[in-house]
Amino acid sequence: MAADKSKWGILYCPKHGLTSPQKRWKKIEKCLQDRGVDFDFVQSENQNSVERLVKMMIGNGYKTIVIVGGDSALNDAVNCLMQADREVRESIALGVIPNGLVNDFARYWGLRESEVEQTVEWLSEHRVRKIDLGHIRYTNKEGEHCHRYFLNCVNIGLTAAIMNLRRQTRRLFGSRTLSFVLSSLLLVFQRLEYKMHLRINTDEVKRKVMTVCIGSGPGYGQTPNAVPYNGMLDVSVVYHPEVTQLIEGFYLLFTGKFLNHKSVHPYRTQEVEVIEAQRAMVSIDGRLMNTPVGEFRVEVEQEVINFLIPA
């Protein structure tokens, strides 16, 4: 049965580690009811169920789909939307109520996890802006040609390694926050630079690199000037600094001044060719992906998703 066009479809992605995820949902539900929002909601069982549930909402005709989750859940949602026919996709507006460990894309728009009432008020005003998506095309280890879209960024090297360590430590300790802290400490024992060959605009980067961030959005502080509606990608290439410079780099990252570090080399482009990234892990919107085999390309597609933004 098709959904009423004014009814929202809401996908609630509980945050692991909370003692009572249902208490969080009850607070969100009350805010929606107080604003008079007509909605249906489903809850994801796990990470793998998000795409299936978003596809179900698209198939059932919901014109407003709101993800209660973080960057990874949003990534799944936009990839589902990009699989739909253009006419269908352009009839749907996507929104987010931040509820993840990292809500970088929501934070860019001023949406805060602790401010549910304000977020619901803004979403209910239904102000839509068309936004860009990044697009990575690659070959997997089975030789298949693959692609995936992203809202925020692709990381190659150190940051992707942090994501992988966090996943491994989380299996041992359960807590996301604890696993993130421990994985950062374990970096002392990790490879901190990778042989890379990149082509960005007319420049060739062929040397050892610590990390690369290709951002359509803020890139977890590594592409702080990126704008998700200008048809461009911001790129930060970070060469391996000395230990004291590394400490300074973390300070500048957390204070929003990452580009001021002398080991950071920024670019703005529509396309990045990664010709070689020897043994470097790759993550997309904060989630480790299967490392591409051989060369891969990152591009931008302009104004392809309708996104609900604050008034």
List the steps and the verdict of side-chain contact (heavy atoms from CB on, under 4.5 Å) for I305 and M82.
CA-CA 8 Å; I305 292 290; M82 292 303 291; 4.1 Å; yes

Taking all non-hydrogen atoms of both residues into account, name the closest pair between V96 and A106 and its distance.
CG1-CB, 4.0 Å

Verdict with reasoning, Y267 to V237, per side-chain contact (heavy atoms from CB on, under 4.5 Å)
CA-CA 8 Å; Y267 300 85; V237 180; 3.8 Å; yes

N99 vs R24, side-chain contact (heavy atoms from CB on, under 4.5 Å): CA-CA, chis, key distance, verdict
CA-CA 9 Å; N99 192 56; R24 169 73 173 168; 3.0 Å; yes

Using the side-chain contact (heavy atoms from CB on, under 4.5 Å) criterion, which residues pair with A226? Sequence neighbours excluded.
T223, D234

If only atom types and distance count, is the side chain of N230 paired as donor or acceptor with the main-chain N or O of M232 below 3.5 Å?
yes

Any donor-acceptor N or O pair under 3.5 Å, side chains N75, N79
yes

Are the charged groups of R52 and E45 less than 4.0 angstrom apart, N to O?
yes

In short, I58 meets A84 closest at the heavy-atom pair CG2-CB, 4.4 Å

Side chains of E301 and Q270: is there a donor and an acceptor less than 3.5 Å apart?
no

Check this for me: does any side-chain nitrogen of one of D76 and R287 sit under 4.0 Å from a carboxylate oxygen of the other?
yes

Does atom NZ of K130 have more than 12 heavy-atom neighbours, drawn from other residues, nucleotides or ligands, at distances under 6.0 Å?
yes

Relative to each other, are the rings of H265 and Y239 parallel, tilted or perpendicular (30° and 60° limits)?
tilted

Ring geometry between F105 and Y108 (parallel below 30°, tilted from 30 to 60°, perpendicular above 60°)
parallel

Just to verify, what does K206 make a side-chain contact (heavy atoms from CB on, under 4.5 Å) with, not counting sequence neighbours?
H197

CE-OH distance between M281 and Y194, expressed to the nearest 0.5 angstrom
7.0 Å

Listed by chain and number, what are the salt bridge (charged side-chain N to carboxylate O under 4.0 Å, His left out) partners of R112, not counting sequence neighbours?
none

Among L308, L74, T64, V54, the one residue meeting side chain to side chain contact (heavy atoms under 4.5 Å, CB included) with L94:
L74

Counterpart residues, side-chain hydrogen bond (donor to acceptor under 3.5 Å, both in side chains), relative to Q118 (two or more places apart):
none

Run the salt bridge (Lys or Arg N to Asp or Glu O under 4.0 Å) test on R148 and E51 for me, step by step, so that the C-alpha distance in whole Å, both residues' side-chain angles and the decisive distance to 0.1 Å come before the verdict.
CA-CA 13 Å; R148 192 160 182 90; E51 289 196 15; 3.1 Å; yes

Point-to-point distance, once rounded to the nearest 0.5 Å, from CG of L32 to OG1 of T119:
10.5 Å

Check whether N140 reaches the backbone of E142 with its side chain - one donor and one acceptor, N or O, closer than 3.5 Å.
yes

Verify, without hydrogens or angle tests, whether N201 (side chain) and T269 (backbone) share a donor-acceptor contact under 3.5 angstrom.
no

State which residues pass ring-ring contact (aromatic ring centres under 6.0 Å, His included) with H126; sequence neighbours excluded, sorted by chain then number.
none

Would you say N290 has more than 12 foreign heavy atoms packed within less than 6.0 Å of its CG?
no

Residues W8, F41; criterion ring pair (Phe, Tyr, Trp, His ring centres under 6.0 Å); working and verdict:
CA-CA 8 Å; W8 295 11; F41 103 97; over 10 Å; no

Quick check on side chain to side chain contact (heavy atoms under 4.5 Å, CB included): which of I67, V66, I28, I97 does I10 satisfy it with?
V66

Could you state the interatomic distance from CD (E299) to CD (E273), rounded to the nearest 0.5 Å?
9.0 Å

Does E204 have any salt bridge (charged side-chain N to carboxylate O under 4.0 Å, His left out) partners at least two apart in sequence or in another chain, and if so, which?
R199

For Y229, does the six-membered ring have the charged nitrogen or CZ of R129 within the cation-pi criterion, i.e. under 6.0 angstrom from the centroid and within 45° of the normal?
yes

Sequence-distant partners of R35, side-chain contact (heavy atoms from CB on, under 4.5 Å), two or more places apart:
V37, V120, E121, S124

Distance from W109 atom CH2 to F307 atom CZ, nearest 0.5 Å?
7.0 Å

Sequence-distant partners of E90, salt bridge (charged side-chain N to carboxylate O under 4.0 Å, His left out), two or more places apart:
R86

Is there a donor-acceptor pair under 3.5 Å between the side chain of S216 and the backbone N or O of V227?
no

Distance-minimising heavy-atom pair for C31 and E117:
SG-CG, 3.5 Å

Can you sort out the partners of R89 under salt bridge (charged side-chain N to carboxylate O under 4.0 Å, His left out), two or more places apart, ordered by chain and number?
none

Just say parallel, tilted or perpendicular for the rings of Y149 and H135, cut-offs at 30° and 60°.
parallel

Run the side-chain hydrogen bond (donor to acceptor under 3.5 Å, both in side chains) test on E29 and Q22 for me, step by step, so that the C-alpha distance in whole Å, both residues' side-chain angles and the decisive distance to 0.1 Å come before the verdict.
CA-CA 10 Å; E29 183 180 43; Q22 291 310 311; over 6 Å; no

side-chain hydrogen bond (donor to acceptor under 3.5 Å, both in side chains) partner of Y220, chosen from D285, D71, N155, D104
D71

Among residues two or more places apart or on two chains, list those pairs meeting salt bridge (Lys or Arg N to Asp or Glu O under 4.0 Å) that have a residue in residues 207-220.
none

Got more than 12 heavy atoms from elsewhere within 6.0 Å of CD, E87?
no

What are the two closest heavy atoms between R137 and F296, and how far apart are they?
O-CB, 3.2 Å

Only counting residues at least two apart or in another chain, list the ones meeting side-chain contact (heavy atoms from CB on, under 4.5 Å) with V293.
K141

Kindly write out the residues that satisfy side-chain hydrogen bond (donor to acceptor under 3.5 Å, both in side chains) with E125, not counting sequence neighbours, or none if the list is empty.
none

Is it the case that D132 and Q302 place a side-chain donor and acceptor less than 3.5 Å from each other?
no

Give the intermediate values and the outcome of side-chain contact (heavy atoms from CB on, under 4.5 Å) for residues M196 and I156.
CA-CA 10 Å; M196 294 196 194; I156 309 165; 3.8 Å; yes

Closest non-hydrogen atoms of D40 and K7, given as atom of the first, atom of the second and distance, are OD2-CD, 3.1 Å

Where I214 and F150 come nearest, the two heavy atoms and their spacing
O-CE1, 3.7 Å

Working to the nearest 0.5 Å, report the span between CG of L53 and NZ of K55.
11.0 Å

Side-chain heavy atoms under 4.5 angstrom apart, residues restricted to Ile, Leu, Val, Met, Phe, Trp, Tyr: same cluster for L233 and I275?
no

